[in-house]
Number of protein chains: 2
Amino acid sequence: MNPLIKKLERFTRLSDEDKRILQHAAASRLRNFEPRCDIISEGETPRDVNLILSGWACRYKQFEDGRRQIVAFFLPGDLCDLNVFLLREMDHSIGTLAPVTLAQISRDLLQRMLDANSRLTQALWWETLITAANHREWVVNVGQRTAIERVAHLLCELFHRLRAVGLVREGGYEMPITQSEMADALGISAVHVNRTLRELRIAELMTWKSGRVTILDLPALEEVGLFNPNYLHLDREGQQFDAPGT
Amino acid sequence: MNPLIKKLERFTRLSDEDKRILQHAAASRLRNFEPRCDIISEGETPRDVNLILSGWACRYKQFEDGRRQIVAFFLPGDLCDLNVFLLREMDHSIGTLAPVTLAQISRDLLQRMLDANSRLTQALWWETLITAANHREWVVNVGQRTAIERVAHLLCELFHRLRAVGLVREGGYEMPITQSEMADALGISAVHVNRTLRELRIAELMTWKSGRVTILDLPALEEVGLFNPNYLHLDREGQQFDAPGT
DNA sequence: CGGTTGATTGATGGTTGTCAATAAGCGTGG
DNA sequence: CCACGCTTATTGACAACCATCAATCAACCG
């Protein structure tokens, strides 16, 4: 099933017509990207909204001196860049981590969809609000949590998000990034990420081998990471926007 | 002039009818809040959108052990809580710093406005995107910048934002918060905020006396803070949404 | 004018960063 | 199948930045 529909249906019921439009949009213009390349760079003008179909990407900002902060991960089913509607130029970059397949939805097509359907507009606005909620939790993560709390929190977030799109199997998930990239997301050094993962491994909370994370004790890991899934808003909350008669 | 109109006009031209509606909305239900009290707390269900007319407020998240992270400052002209439309319950709190006067715009009224006017919908969506852009920069701030860079960056952000709403006078602005609150926003201790401010003072980049910050050398301060105002999107960028015939 | 809050400074310690070396993994090609 | 080279992971030693604790000072206010 179309992951975009799946995602939006988590908070609003769509009519058959809505779904038909979305189906059409997501089928248009598929593209593949290598790992570690930019989908769009800071300063460029966004032209399309990208829907990740498979693989991982991230938003990041980089200083001239090399320091880099990853501010969000994109997982399958995520919409990359609703900024396209509103921002003249990107204030950050979007790059791949693992190989990515995405659907490019043109600005014009999406604009027509929105003009014709205010429920879709609100659904996408909602998506933007969730993005902001995620950013807020990341500010808290790098601002207040210790290294081990940050790592645990990120592992929990990824678990919940991937489970919501059916990518958790046998209590674990594919983790196609390096410890160095994790470090850039957590605001700590790669060396310290490594030490911290060892701690979690010794505590028998998780393992990470050959690109696959296994969560051995989710409640304990959530406790270490001071994790509360409320900011993900994964439960259906938008009943007020349900299409009539569905 | 109505600060909400002023704000929205920074990115889209509004028709006279738009303005009349907004004028009406902002005039409704004024409320005053003491300093250091919650406007809405985590877990509550938001009922209104709040437009700050005067004073400072902030979004924050707090752990049970007392650690707190401020994730954004609200300045006059800011819309507090568009989450009201979409989130069943708040995943963070909004509290005042200085005494605040705000206009409560009811959910129903705003909903009617949006239903009748897709340009307004997009204008408010844009506001949400700017909020997210701000959050991203804050992730970078606490994730990558050193203490002195963080302090300098925050002072620059406040300068630019306050200037945009006409609250910068004689190269400075009112700063109605404590160093401890600044510490909560920057993810460093209050003691270290104090030391860092001293450094900036000795370098003759700024002063902060009796609730008023004066920026002595903005370019130098921006350089220290690795500050780039692009994420604020303060220049008019939404010409594509201009009302026809204005 | 006492009392409270916030600012300031010093001393000390801990978490984390940096540097460096080694080991492990992984793809490529002989 | 193994050798090779590259990237990534892992570990140790040391240093730095920042937190914490504590004391003093300044500002504000009823």
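Below, read A as the first sequence line, B as the second, and so on, with proteins coming before strands; counting in each chain starts at 1. All values reported here derive from a predicted model rather than from experimental measurement.
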Discussion item. Taking any heavy-atom pair under 4.0 Å as a contact, classify Thr178(A): base, sugar-phosphate, or nothing.
Written reply: sugar-phosphate

Worksheet item: What is the distance, rounded to the nearest whole Å, between atom CD1 of Ile188(B) and atom P of dC17(D)?
Response: 14 Å

Worksheet item: Atom CZ of Arg67(B) and atom C1' of dT15(C): how far apart are they, to the nearest Å?
Response: 13 Å

Item to complete: May I ask you to say what Gly187(B) touches in the nucleic acid, namely base, sugar-phosphate or nothing, with a heavy-atom cut-off under 4.0 Å?
Response: sugar-phosphate

Worksheet, complete the sentence: Of Leu167(A), Leu154(A), Val168(A), the one forming a side-chain contact (heavy atoms from CB on, under 4.5 Å) with Phe159(A) is Val168(A)

Worksheet item: Can you find a heavy atom in the side chain of Met182(B) that is under 4.5 Å from one in the side chain of Leu155(B)?
Response: yes

Discussion item. Reading DNA chain C from 5' onward, which residue's closest nucleotide shows up sooner: Ile148(A) or Ser210(A)?
Written reply: Ile148(A)

Discussion item. Rounded to whole Å, please give me the gap between CG in Leu186(A) and P in dG17(C).
Written reply: 10 Å

Response to the item:
Rounded to whole Å, the CZ-P distance (Arg201(A) to dT10(D)) equals 5 Å

Response to the item:
From CZ of Arg68(B) across to P of dA19(D) the rounded distance in Å is 16 Å

Fill in: Between dT15(C) (P) and Gln144(A) (CD): distance, integer Å
16 Å

Item to complete: Starting from the C-alpha separation in whole Å, work towards a yes-or-no answer on side chain to side chain contact (heavy atoms under 4.5 Å, CB included) for Asn134(A) and Glu157(A).
Response: CA-CA 10 Å; Asn134(A) 193 279; Glu157(A) 173 180 318; 3.2 Å; yes

Discussion item. The side chain of Ala147(B) is closest to which nucleotide in this list: dG17(C), dT20(D), dC18(D)?
Written reply: dC18(D)

Item to complete: State whether Asn194(B) places a side-chain N or O below 4.0 Å from either non-bridging phosphate oxygen (OP1 or OP2) of dT8(C).
Response: yes

Worksheet item: The side chain of Val191(B) lies closest to which of these nucleotides: dA19(D), dG6(C), dC21(D)?
Response: dC21(D)

Discussion item. Determine whether a donor-acceptor pair (one donor, one acceptor, N or O, separation below 3.5 Å) exists between the side chain of Arg195(A) and the base of dT18(C).
Written reply: yes

Response to the item:
Of all heavy-atom pairs linking Arg150(B) and Arg145(B), the shortest is NE-O, 2.8 Å

Fill in: Spacing of Gln179(A) atom CD relative to dT7(D) atom P, expressed in whole Å
17 Å

Discussion item. Rounding to an integer number of Å, can you tell me how far Met175(A) CE sits from dG25(C) P?
Written reply: 18 Å

Fill in: Side chain of Arg198(B) (C-beta onward), nearest among dC26(C), dT9(C), dG17(C)
dT9(C)

Discussion item. Applying a 4.0 Å non-hydrogen cut-off, can you work out what Arg150(A) is touching in the nucleic acid: base, sugar-phosphate, or nothing?
Written reply: nothing

Practice prompt. For this output row, return yes or no: ring centroids of Tyr231(B) and His135(A) closer than 6.0 angstrom.
Written response: no

